[in-house]
Participant: 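Sharing a structure below in structure tokens format, with a few things to ask.
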Amino acid sequence: MENLQIGFKLVVALFAVLMYIKIIGRTILNHVSGLDLVQNIILGGLVGGIIYNPNVSILKFAFVLFIWTFIISFVAYVCRKNGKLRRLFEGQIIPLVRKGKMNEGGFKKAKLDILTYSNLLKNIGIYDISDVYFAQMEKNGAITAFTNNFDNYAVLLVIEGKINFSYLDGIGKDEEWLNEALKKEGYDDIEKIFIAQWSPEKFLIIPKSKEHKVKLDDN
């Protein structure tokens, strides 16, 4: 009987975790932020701890998973609406190099030593740290960097109506330049832009519009 109960819990866990991923989003599979890692660890602990506990019924098990999903969904919603809380829960981007100058405070904040930094640069094809014009540590601990040769790079300067000042500064531009560049493309209101990606070759701008939603084929 106990083995049968464990089997039912496993089935419930399978469908609950699949639903959890559906609700929260697939980014948790890639650990985009520290919050993704923490929620996955706790979810694994909950499932693993409850499945083999005979004192917890299947109904209670499902209820616990429901509560945890609700908590994470609420936190994710609040983070989307409040930038300060988002930085608190998910962490923030840490500038390491700006316009060729290394930010020692950024390295200390990121707890990143030069040897590790050098190895991370090699992973993205940069072998000389003196060539780095721009570098930052992302929320998931990855390093984004490029040299002063912008020909090989494209950066997101506007994301969902908000200026990405980190990348804007990284290419040596300011807000005034961005506004003028967008006006030349026919866009006066940044808030109406979904994505603006700049590269030396082109300026890709996608406005906020239902027309740009892609219809998914469920077959």
Side-chain angles (χ1 to χ4, degrees), residues 25-27 30-36 76 79-84 86-87 90-107 109-110 112 117-216:
R26 298 177 189 176
T27 56
N30 293 322
H31 295 167
V32 174
S33 68
L35 180 62
D36 295 328
C79 287
R80 285 196 298 269
K81 298 296 182 179
N82 190 302
K84 292 182 178 179
R86 184 169 187 169
R87 288 190 292 271
E90 298 185 356
Q92 57 184 344
I93 294 171
I94 302 175
L96 301 175
V97 179
R98 285 292 184 272
K99 299 179 181 179
K101 296 181 179 180
M102 298 183 72
N103 175 20
E104 293 185 20
F107 279 85
K109 187 174 182 179
L112 181 67
Y117 168 68
S118 177
N119 289 332
L120 290 172
L121 288 178
K122 290 176 183 177
N123 292 336
I124 56 177
I126 300 176
Y127 297 93
D128 186 348
I129 62 174
S130 65
D131 289 339
V132 178
Y133 183 81
F134 167 89
Q136 66 183 25
M137 176 173 280
E138 306 293 349
K139 296 177 183 179
N140 64 349
I143 296 293
T144 296
F146 52 78
T147 66
N148 55 9
N149 178 16
F150 297 137
D151 293 341
N152 299 323
Y153 302 98
V155 292
L156 293 173
L157 299 184
V158 179
I159 302 173
E160 296 184 12
K162 296 182 180 179
I163 299 175
N164 188 345
F165 286 100
S166 178
Y167 282 142
L168 186 62
D169 183 53
I171 61 173
K173 307 294 183 180
D174 56 23
E175 186 175 356
E176 183 179 355
W177 172 88
L178 178 61
N179 285 325
E180 289 299 322
L182 292 174
K183 285 181 180 179
K184 290 180 181 179
E185 299 292 331
Y187 296 92
D188 295 324
D189 190 353
I190 291 179
E191 292 185 358
K192 294 182 179 180
I193 297 176
F194 181 61
I195 289 175
Q197 178 180 272
W198 176 89
S199 72
E201 297 179 352
K202 63 179 179 179
F203 210 153
L204 172 65
I205 301 175
I206 301 177
K208 292 181 179 179
S209 171
K210 293 181 179 179
E211 295 178 1
H212 292 89
K213 290 186 176 180
V214 178
K215 185 177 179 182
L216 299 178

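When a residue number appears, it is its place in the shown sequence, counting from 1. Owing to the predicted nature of the structure, the values given are computational and were not obtained by experimental measurement. Reckoned from all heavy atoms, side chains included, excluding hydrogens, waters and symmetry mates.
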Participant: Show the nearest heavy-atom pair for residues Val97 and Val132, with the distance to one decimal.
Facilitator: CG1-O, 3.7 Å
Participant: Find the distance between CG (Leu120) and CD1 (Ile126) and round it off to the nearest 0.5 Å.
Facilitator: 11.0 Å
Participant: Going by ring pair (Phe, Tyr, Trp, His ring centres under 6.0 Å), name the residues that satisfy it together with Phe107, two or more places apart in sequence or in a different chain.
Facilitator: Tyr117
Participant: CG of Leu157 to CD1 of Ile205: how many Å apart, nearest 0.5 Å?
Facilitator: 9.5 Å
Participant: Among pairs that include at least one residue of residues 187-196, which meet side-chain hydrogen bond (donor to acceptor under 3.5 Å, both in side chains), considering only residues two or more places apart or in two chains?
Facilitator: none
Participant: At what distance, to the nearest 0.5 angstrom, does CD1 of Ile190 lie from CD1 of Ile163?
Facilitator: 3.5 Å
Participant: Could you work out, with side-chain contact (heavy atoms from CB on, under 4.5 Å) as the rule, every residue matching Asp128, not counting sequence neighbours?
Facilitator: Ser130, Asp131
Participant: What pair of heavy atoms forms the shortest contact from Gly106 to Ile94, and how long is it?
Facilitator: O-CG2, 3.4 Å
Participant: With rounding to the nearest 0.5 angstrom, report the NZ to CD1 distance, Lys208 to Ile195.
Facilitator: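 That separation rounds to 11.0 Å.
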Participant: Which heavy atom of Asn103 sits nearest a heavy atom of Pro95, and at what distance?
Facilitator: ND2-O, 3.0 Å
Participant: Minimum heavy-atom separation for Phe203 and Gln197, please, with both atom names.
Facilitator: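 So the two residues come closest at CD2-O, 3.3 Å.
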Participant: When rounded to the nearest 0.5 angstrom, what distance separates CD1 in Ile129 from NZ in Lys122?
Facilitator: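 It comes to 10.0 Å.
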Participant: Check Leu182 against Ala196 and note the closest heavy-atom contact, atom names and distance.
Facilitator: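 Nearest heavy atoms, Leu182 then Ala196: CD2-CB, 4.3 Å.
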Participant: By the side-chain hydrogen bond (donor to acceptor under 3.5 Å, both in side chains) test, which pairs, at least two apart or in different chains, include something from residues 168-180?
Facilitator: Arg98-Asp169
Participant: Under the side chain to side chain contact (heavy atoms under 4.5 Å, CB included) criterion, do Leu112 and Ile143 qualify, and how do the steps go?
Facilitator: CA-CA 11 Å; Leu112 181 67; Ile143 296 293; 4.1 Å; yes
Participant: Is there side-chain contact between Glu138 and Ile93, with heavy atoms separated by less than 4.5 Å?
Facilitator: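 They are in side-chain contact.
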Participant: Report the residues that fulfil ring pair (Phe, Tyr, Trp, His ring centres under 6.0 Å) with Tyr167, sequence neighbours left out, ordered by chain and then residue number.
Facilitator: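 Tyr167 satisfies ring pair (Phe, Tyr, Trp, His ring centres under 6.0 Å) with Phe134 only.
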Participant: What heavy-atom pair brings Ala110 and Leu96 nearest, and what distance separates the two atoms?
Facilitator: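 Nearest pair, atom of Ala110 first, then Leu96: CB-CD2, 4.4 Å.
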